[in-house]
Amino acid sequence: MSNQPEVELQTETPQTGARPADSLPAEKAHGGRFPLLAPDALDDDQLALYNTIAGPPRAGGPFLVVDDDGHLAGPFNALLYAPQIGHAVQALGAALRFGGELSNRTRELVICAVAAERASTYEWYAHSRVALTVGITPDELESLRGGFVPAGLPDDERSALTFTAALLNGRTVSAKDHAAALTQHGHSGVTELSVLVGYYRALSGLLAAGAVEAPVASAPPANTPVTPAPDSPPADTESTPTSQPHLLTTTTKGEHP
């Protein structure tokens, strides 16, 4: 397994404004039942966690991690309330996203399948954007959002999604599904897939407990024309990934026609 990128830990000042100004529309973090924590209100343990999350390798990605007010978005704000647990959780997430052996496409297909099945608006918002950057198409995302395995996937990706569906929707994984995943990904890949699914189920549970939604777009100044973000196709495009996935009961209704 590749090494996890090193993260520089800063404990004195928070890293606010971690996202490039021109990469996303103005968005505000949504805390839900977890009040948003301002950087200047954090204790030392919380600030150390904050800086780890706000800095590399997450900084500058295609979804909001820190808003312009310095608030962490999604599950990250919630993790500040339990910083010792938060350090372990974010480290596992960084290892899965940036240090695993699964291909970028396979990883994001699996994460989006979990987000759709759990109806997790933040995780769908975040990882449908990541998915587009690693070669997953809007049509493939729409298939996942509707509960289908996208048509035409190679065997490694299809076996990963079938394995994911088994973990999401049953108490056991069949010998057939396990054998297919093992053939394509080996024991290390089966381990990584299992932990990946469990990790994003856990984040989805935390977000559900806190009623945390996707970031809210800020209203533009008066007389400012509204244009779509570069990574957001027009809203009336049926295959566009959205921040409101369907509530699914399975991610394997079959291969999308």
[X] vs [Y] side-chain heavy atoms within contact, under 4.5 Å:
X: F34; Y: L206; value: yes
X: L132; Y: P138; value: yes
X: V130; Y: I136; value: no
X: R118; Y: L207; value: no
X: L92; Y: L96; value: yes
X: H71; Y: N77; value: no
X: F63; Y: P215; value: no
X: Y122; Y: S204; value: no

Mind running side chain to side chain contact (heavy atoms under 4.5 Å, CB included) on S120 and L203 for me, showing each step along the way? CA-CA 9 Å; S120 179; L203 288 190; over 6 Å; no

What distance do [X] atom [atom1] and [Y] atom [atom2] have between them, rounded to the nearest 0.5 Å?
X: H30; Y: L64; atom1: NE2; atom2: CG; result: 13.0 Å
X: D156; Y: T106; atom1: CG; atom2: OG1; result: 5.0 Å
X: L144; Y: L161; atom1: CG; atom2: CG; result: 6.0 Å
X: L182; Y: L193; atom1: CG; atom2: CG; result: 11.0 Å
X: D44; Y: L49; atom1: CG; atom2: CG; result: 12.5 Å
X: E142; Y: F148; atom1: CD; atom2: CZ; result: 11.5 Å

Which pairs pass ring pair (Phe, Tyr, Trp, His ring centres under 6.0 Å) with one or both residues in residues 169-211, sequence neighbours excluded? H127-Y200

Side chains of Q90 and T52: do they bring a donor and an acceptor to under 3.5 Å? no

Could you verify whether a donor N or O on one side chain and an acceptor N or O on the other, from T162 and S159, lie under 3.5 Å apart? no

Quick check: does any side chain N or O of [X] sit under 3.5 Å from a backbone N or O of [Y], one acting as donor and the other as acceptor?
X: E192; Y: E101; value: yes
X: D177; Y: F163; value: no
X: E117; Y: V114; value: no

Flag yes if more than 12 heavy atoms outside I85 fall under 6.0 Å of its CD1 atom; otherwise flag no.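 No, not enclosed.
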
Closest approach of A48 to H87 (non-hydrogen atoms, all atoms of both residues): C-CE1, 3.9 Å

Looking at every heavy atom in both Y81 and P35, which two are closest together, and how far apart are they?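 It is OH-O, 2.5 Å.
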
Worked verdict on Q184 versus R158 for side-chain hydrogen bond (donor to acceptor under 3.5 Å, both in side chains): CA-CA 10 Å; Q184 295 297 323; R158 187 167 60 252; over 6 Å; no

Going by the side chain to side chain contact (heavy atoms under 4.5 Å, CB included) test, name the single residue among [options] that passes it with [X].
X: Y50; options: L37, L42, D45; value: L42
X: R107; options: V110, L109, I111; value: I111
X: I53; options: V89, L72, V66; value: L72

May I ask you to say whether E157 pairs ionically with R105, meaning some side-chain N is under 4.0 Å from a carboxylate O?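 Between R105 and E157 there is a salt bridge, with a charged N closer than 4.0 Å to a carboxylate O.
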
Pairing of E213 and K28 as salt bridge, 4.0 angstrom limit: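 No, this pair does not count.
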
Pair E27-D68, side chain to side chain contact (heavy atoms under 4.5 Å, CB included): steps then yes or no: CA-CA 8 Å; E27 294 174 316; D68 291 337; over 6 Å; no

